[in-house]
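First comes the structure, then the notes that go with it.
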There are 2 protein chains.
Amino acid sequence: MKEENIHKFEKPSVTVDIVIFTIKNNDLKVLLVKRNLEPFKNMWAIPGGFVRISESLEQAAKRELKEETGVSDVYLEQLYSFGDVNRDPRGRVITISYFALLNSDEIKLRATTDVSEAKWFSVKEIPKLAFDHEEILNYAIKRLKWKFEYTTIAFSFLPEKFTLTQLQKIYEFVFEKEFDKRNFRKKILLLNILKKEKIDKQVSHRPPQLYSLKKKIKEIIEIV
Amino acid sequence: MKEENIHKFEKPSVTVDIVIFTIKNNDLKVLLVKRNLEPFKNMWAIPGGFVRISESLEQAAKRELKEETGVSDVYLEQLYSFGDVNRDPRGRVITISYFALLNSDEIKLRATTDVSEAKWFSVKEIPKLAFDHEEILNYAIKRLKWKFEYTTIAFSFLPEKFTLTQLQKIYEFVFEKEFDKRNFRKKILLLNILKKEKIDKQVSHRPPQLYSLKKKIKEIIEIV
DNA sequence: TCAAAAGTGTTGTGTGTACACCCATGT
DNA sequence: ACATGGGTGTACACACAACACTTTTGA
């Protein structure tokens, strides 16, 4: 540990990139922004930005998330750090990637700020991305699936009150396959984390049971 | 994305820290180094160092690992990045933590280099650590246990040829509890990743069957 | 023949999977 | 009465847990 002077070594730039997922129109979507500057001008990229010297990594991620989507109290988890020497043609840039899960009720994409465009893309129709962002996105999708399998993260995509059918659809979008209704409901109810809510009746069929979480979602998901 | 100039923002320093585990003397151990400079002089810390401007994060981690232990082809996985503003009293330092698993045959702690001392500590007897290294270590232990449960990472602690009893002991050290021999063996053999090796006979009891992995360990462990 | 560790099978319990029909409501 | 999505139970297969004795070797 030769660290008598932390300024002895040339420093890299550090950014955070946030892979923002939601479910919309029966599909798993990710938010991408169009770059309006070189390099990779006019290409789509994962939203992100530089970490300020006086904010933590998580603060930086939350700030960027808020700038892009206006939301501030959502599921946000650090993913992985990417630091290949040539991943950014402008110089040495290390990025710490995060992923966030939103339910689409919460979202209002910034109409404000600068010219760059932001848009939801189906994970099945991702364009060519700037930098190493394809790698970051693939990693995020892998982790997302993994989290769905082993945790209760799926609830992050849902509003406060929801039906079991809604929940099941979310699992089906993420895994791109169908599940048996009876088995699915059995498994979910056995977790014993849901409570019944009053039924809303204005559908032209049997009205569904509404559920909500017994506890706040952050108390349920264990981060590994 | 306002990044016309990557030097617009003041840059943090970036380090890698490597939590190095091994099994020795019937115990799970972690390698710590004694700091010989301020801050935290004379306190124990997780080995690490600054990322050079022309090496990737993984190269930096491998370089540090080699400097500390002399080994170069071991299991190494990125853990998490820590970037609180005040985690280092000297200034803004972001660290990307890694964890490595060694089998103790491979190790020869550097006798070379500088004055600082390196020593194996039982995870049950960790001294007070410098910086936020206690948090990093706790995170590493949590991840290690998790990996043991859901992957075949345990083999990283073993030499090329090993017995099932050796393997079982490793699980027992990590989980700090005992397993049933018959069930354990059944489960492992069902994985179908082991092949029998010739039996070595120089023990004063029934000689154990030696096994080795059918494939290289890196092809077996899936990183999540 | 003894000490020391290796090796081996069966039974019960719980978890996951496959599968088809009736229910409640609005129109 | 019908169309629409909501809701429910049982049987089988497989994975996991509990449990005790015999085998092989060197001394």
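The figures that follow rest on heavy atoms only: side chains count, while hydrogens, waters and symmetry mates do not. Every chain is numbered from 1, with letters handed out A, B, ... down the list of sequences.
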- At under 4.0 Å between heavy atoms, which parts of nucleotides 22-27 of chain C does protein reach? Answer with one letter per nucleotide, 5' to 3': B base, S sugar-phosphate only, - none. -BBBS-
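Between Arg87(A) and Asp132(A), the shortest heavy-atom distance links the atoms NE-OD2, 2.7 Å. Smallest separation of non-hydrogen atoms from Ala154(A) and Leu167(A): CB-CD1, 4.1 Å.
Rounded to an integer number of Å, the gap from Gln209(A) CD to dG7(D) P is 7 Å. The CG atom of Leu189(B) sits 15 Å away from the P atom of dA15(D) (whole-angstrom rounding). Arg182(B) has its CZ atom 10 Å from the P atom of dC21(D), to the nearest Å. Here dC19(C) presents its C1' atom at 16 Å from CZ of Arg185(A), a figure rounded to the nearest Å. Taking atom CZ of Phe179(B) as the reference point, atom P of dA18(D) lies 11 Å away to the nearest angstrom. Separating the CD1 atom of Ile188(A) from the C1' atom of dG7(D) is a distance of 16 Å, rounded to the nearest angstrom. The separation between Phe184(B) atom CZ and dT8(C) atom P is 15 Å, rounded to whole Å. If you take NZ of Lys181(A) and P of dG9(D), they are 13 Å apart, rounded to a whole angstrom.
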- Message: Does Tyr211(B) form a side chain to side chain donor-acceptor pair (under 3.5 Å) with Gln209(B)? I'd like the steps, not just the answer.
- Response: CA-CA 7 Å; Tyr211(B) 291 89; Gln209(B) 177 67 52; 5.4 Å; no
- Taking it one step at a time, do Phe155(B) and Phe162(B) satisfy ring pair (Phe, Tyr, Trp, His ring centres under 6.0 Å)? CA-CA 9 Å; Phe155(B) 295 99; Phe162(B) 51 86; 5.7 Å; yes
- Query: Between Ser122(A) and Asp27(A), does a side chain to side chain donor-acceptor pair (under 3.5 Å) hold up when you go through it step by step?
  - Reply: CA-CA 6 Å; Ser122(A) 163; Asp27(A) 211 353; 3.0 Å; yes
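Aromatic rings of Trp146(A) and Trp146(B) (six-membered ring for Trp) have centroids within the 6.0 Å cut-off, being under it. Aromatic ring centres of Phe173(A) and Phe157(A) lie farther apart than the 6.0 Å criterion allows.
A donor-acceptor pair shorter than 3.5 Å can be found between the side chains of Ser212(B) and Glu197(B).
A 4.5 Å side-chain heavy-atom check between Lys196(A) and Leu210(A) finds every atom pair outside the cut-off.
Among the atoms of the strands shown, only primed sugar atoms or phosphate atoms (P, OP1, OP2) are found under 4.0 Å from some heavy atom of Thr165(A).
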Contact list (N/O, under 3.5 angstrom) for nucleotides 14-17 of chain C vs protein:
unit_1	atom_1	unit_2	atom_2	d
dT17(C)	O4	Lys186(A)	NZ	3.4

